[in-house]
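Following: one structure in structure tokens, then a few remarks.
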Amino acid sequence: MAQCGDNQELIEELFNQLHVEFGPQAQRIINLLISYLGGTRVTLPDLKYLYRQERDRRIHTEFTGCNHEELAIKYGITTRMVRNILARG
């Protein structure tokens with residue numbers, strides 16, 4: 001488990017990288033992060049989880065009532081997975 005000091009170093013590295021990637025916009029991004037998350041402990045999901053969430057949202061949006069197979073092909077999953085995603089609401 002990371003100690004507070006370890007987290008501080010990671011945060012400093014993140015802020016430095018934000019400055020490299022986004023230049024003048026970095027300070028706005030940092031201020032936004034602090035205004036929303038300052039003082040809280042945060043666990044970030046991995047990208048795969050976020051991509052799955054977005055895929056599932058799109059499947060729900062694109063579902064017409066009878067296009068299970070089309071969605072399965074489009075997203076590279078089985079029709080059973082499409083049905084499970086739709087059943088989860």
Side-chain angles (χ1 to χ4, degrees):
M1 182 175 221
Q3 299 299 314
C4 183
D6 294 338
N7 287 338
Q8 187 64 33
E9 288 176 19
L10 289 173
I11 291 169
E12 288 174 15
E13 285 179 37
L14 171 62
F15 287 175
N16 288 335
Q17 189 62 37
L18 286 171
H19 282 288
V20 168
E21 294 285 328
F22 300 102
Q25 295 295 328
Q27 194 59 48
R28 291 181 61 204
I29 295 168
I30 292 166
N31 288 339
L32 186 62
L33 287 169
I34 291 170
S35 71
Y36 275 88
L37 305 172
T40 62
R41 185 178 200 135
V42 177
T43 303
L44 299 173
D46 65 5
L47 284 176
K48 286 181 183 179
Y49 174 80
L50 294 175
Y51 286 132
R52 277 193 310 270
Q53 292 292 98
E54 177 61 17
R55 178 205 63 199
D56 293 357
R57 186 193 64 74
R58 288 181 181 186
I59 287 172
H60 280 278
T61 301
E62 296 171 18
F63 183 59
T64 63
C66 60
N67 61 337
H68 296 87
E69 188 171 344
E70 176 186 325
L71 292 171
I73 292 167
K74 179 176 182 177
Y75 291 102
I77 58 178
T78 65
T79 55
R80 175 183 240 166
M81 287 178 69
V82 170
R83 291 178 191 283
N84 288 341
I85 290 165
L86 293 168
R88 286 195 296 259

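Sorted by first then second residue, the salt bridge (charged side-chain N to carboxylate O under 4.0 Å, His left out) pairs that include residues 74-89, not counting sequence neighbours, are D56-R88, E62-K74. Residue pairs meeting the ring-ring contact (aromatic ring centres under 6.0 Å, His included) criterion with at least one member in residues 23-48: none, sequence neighbours excluded. Residue pairs meeting the ring-ring contact (aromatic ring centres under 6.0 Å, His included) criterion with at least one member in residues 59-89, sequence neighbours excluded: F63-H68.
Nearest heavy-atom pair across E69 and T79 is CA-CG2, 3.6 Å.
Within the model, atoms CG of N84 and OG1 of T78 stand 7.5 Å from one another, a figure rounded to the nearest 0.5 Å. Atom CZ in R52 sits 10.0 Å away from atom CD1 in I85 (nearest 0.5 Å).
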Show me the donor-acceptor pairs within less than 3.5 Å that the side chains of residues 12-19 make with the rest of the protein, sequence neighbours left out.
from: N16; atom 1: ND2; to: E12; atom 2: O; distance (Å): 3.2
from: Q17; atom 1: NE2; to: E21; atom 2: OE2; distance (Å): 3.0

Mind listing the side-chain donor-acceptor pairs of residues 22-34 below 3.5 Å, one per line with the distance, residues two or more places apart or on another chain?
from: Q25; atom 1: OE1; to: R28; atom 2: NH1; distance (Å): 3.1
from: Q27; atom 1: NE2; to: N31; atom 2: OD1; distance (Å): 3.2
from: N31; atom 1: ND2; to: Q27; atom 2: O; distance (Å): 3.3

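The side-chain contact (heavy atoms from CB on, under 4.5 Å) check on T61 picks up R57, with sequence neighbours excluded. Among residues two or more places apart in sequence or in another chain, the side-chain hydrogen bond (donor to acceptor under 3.5 Å, both in side chains) test is passed with N67 by T64.
Surrounding CD of Q53 are more than 12 heavy atoms belonging to other residues, nucleotides or ligands, all under 6.0 Å away.
In the hydrophobic clustering, L50 connects to L47, Y49, Y51, either directly or through intervening members, whenever side-chain heavy atoms lie under 4.5 Å apart.
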